[in-house]
Amino acid sequence: MTSISTVAVIGLGYIGLPTAAILAENGVKVLGVDVSDHTVDAVNAGTVPFVEPDLAGFVARGVENGLLRASTTTPAADAYIVAVPTPFKDGHSPDLGYIEAAARGLAPQLTGDELVILESTSPPGATEHMAEVIFAERPELRESELDFAHCPERVLPGRVMVELVTNDRIVGGSTRRAAERARDLYRTFCEGEILLTDTRTAEMAKLVENSFRDVNIAFANELSVICAEQGIDVWELIELANHHPRVNILQPGPGVGGHCIAVDPWFIVDAAPQTARLIRSAREINDAKPQWVIDQAKAAAFDVQQATGRTPVVAALGLAFKPNIDDLRESPALNIAVELADQFSASAVLVTEPHVEALPAKLQGKANVELVSAADAIARADVILLLVDHDAFADLAPSAAGKRVIDTRGQWRRG
Ligand code: SAJ
């Protein structure tokens, strides 16, 4: 068993590139692999193709020190880290196609004593499946000393370079030796605890962490709908209930966004369709929340029209999937704004997002949509939807009478 001095990181996205860069920072020779020429060129020029605090400095140093370079083909290495996307296919089933392609890409390079790590968020059994894809390409390696591991990441976007170092990690090995080899590799940069298990448990742990959060947000979202029916202020209710020493209810919102929490629980549902009942319900509750918000907006617009006889102006404050970031991926706020634009085609729909400079593609070309400042939106609109509790909105609660406010985050209610 050779020691690990070179690592190929396959997939230079939001997780792969930071991992490659931090390994290089700690003296490991890293060869990054990506299908995108743009990404490969950017990395080789010492730059980054997306925004993540501090990442650019790590990449620049790695390239300058000769420890990090990228290519579109998979080179020979002592260890491989596969960090490619696992999107949906056919509804909510995970598509393992990118993992399979990465496995086929690295298989020809193997000599039989390497460590192959799957880092992509994956359904239970995906690491075993990756190994099978490799063995199908190279049957003679079945009896070799190849090791496989799954090491899910838990880093929070915006804090990736810090959390890569400080978070605890779960490392699941195909054997104890595989887990220990992977642990030793992550130890080069991870200062948190590294906990060893088997591959299926490690795969499930990542899915369970995000499902735990999804289920708890669904509880808050369900409460918000019940409270609206019952004439109770949900924000006050949660604040009061959370004074109980063993109660900690999360915050309702316009739905759950991002590329993890709204996605990963479905992998459990797909793996256990009959038994994952609570997890499925939580997903359905959170996915239904944007439509509920739109229905609230419609009712408010109807009221304004009845009262004034004119077509109301509607404002959507915030497009990002959570506060104080510019990330629009799987954002319920953005989807609500798109629906408002389509369903209120006769109305002006004013959109505000302090973290972007132009209308996102999904809203471009819609004649009734205008990107304006928050102050402008609040001054002009009859119906105001607060969709993201960005700090920038905190002090802007509308004071004029006659405006209908749908505060989906309770930001103005909470003060
Ligand atoms: N949200 C609520 N109410 C809350 C908390 C969050 O509506 O009380 C919403 C947010 O507005 C957002 C969504 O949930 O739309 C998700 O936001 P988040 O901050 O909970 O999580 P992410 O998606 O940014 O990152 C999560 C983290 N996982 C957990 O907290 C269990 C992160 O540690 C993971 O690394 C990441 O998913 C991932 O990559 O899986």
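When a ligand or atom number is given, it counts from 1 through the structure's own listing order. The shown structure was predicted, so the numbers you read here are calculated from the model rather than taken from an experiment.
With respect to atom 10 (C) of ligand 1, the closest heavy atom belonging to the protein is F321 O, 3.8 Å. Looking only at protein heavy atoms, the nearest one to atom 1 (N) of ligand 1 is I217 CD1, 3.5 Å. Nearest to atom 40 (O) of ligand 1 among the protein's heavy atoms is K206 NZ, 2.5 Å. Closest protein heavy atom to atom 20 (O) of ligand 1: R213 NE, 2.5 Å. Protein heavy atom closest to atom 21 (O) of ligand 1, with residue, atom name and distance, is I261 CD1, 3.4 Å.
Ion pairing between a basic and an acidic side chain is recognised when a charged N comes within 4.0 Å of a carboxylate O; K289 and E222 show no such pairing. Salt-bridge formation is not detected for the pair R213/E209: no Lys NZ or Arg NE/NH1/NH2 atom is positioned less than 4.0 Å from an Asp or Glu carboxylate oxygen. Under the 4.0 Å criterion applied to side-chain N and carboxylate O atoms, R413 and D233 are assigned as salt-bridge partners.
In Q251, the parts holding a heavy atom less than 4.0 Å from any atom of ligand 1 are both the side chain and the backbone. If you look at R409 next to ligand 1, the close heavy atoms, those under 4.0 Å, all belong to the side chain. Contacts between N216 and ligand 1 below 4.0 angstrom, taking non-hydrogen atoms only, are absent altogether.
For F148 and Y80, the distance between ring centers is not under 6.0 angstrom.
Remark: distances from the non-hydrogen atoms of H259 to ligand 1 are all 4.0 Å or more. In this structure, E153 has a heavy atom closer than 4.0 Å to ligand 1.
The closest non-hydrogen atom to atom 29 (C) of ligand 1, taken over N210, L207, N286, T121, comes from N210. For atom 19 (O) of ligand 1, the candidate residues are R154, E163, K322; the nearest heavy-atom contact is made by K322.
Interatomic distance, R169 CZ to R183 CZ, rounded to the nearest 0.5 Å: 14.5 Å.
Contact of the I268 side chain with the V208 side chain is registered, since non-hydrogen atoms from C-beta on lie closer than 4.5 Å. Residues H355 and I325 are not in side-chain contact: their nearest non-hydrogen atoms beyond the backbone lie 4.5 Å or more apart. The shortest side-chain heavy-atom distance between E119 and I15 falls under the 4.5 Å cut-off.
More than 12 heavy atoms of other shown residues, nucleotides or ligands fall within 6.0 angstrom of atom CG in D295.
Taking only nitrogen or oxygen atoms, main chain and side chain alike, G257 reaches within less than 3.5 Å of ligand 1. The N/O atoms of P157, backbone and side chain alike, include none that comes under 3.5 Å of an N/O atom in ligand 1. In terms of N/O distances under 3.5 Å, ligand 1 is not approached by E209.
Of all the atoms in ligand 1, the ones that sit under 4.0 Å from a non-hydrogen atom of C260 are 36 (C), 37 (O), 38 (C), 39 (O), 40 (O). The ligand atoms of ligand 1 that sit less than 4.0 angstrom from a heavy atom of L156 are 24 (O), 25 (O), 27 (C), 32 (C).
Minimum interatomic distance between P123 and L207 (heavy atoms only, all atoms of both residues): CA-CD1, 4.1 Å.
In this structure, a donor-acceptor pair under 3.5 Å is absent between the side chains of S93 and D90.
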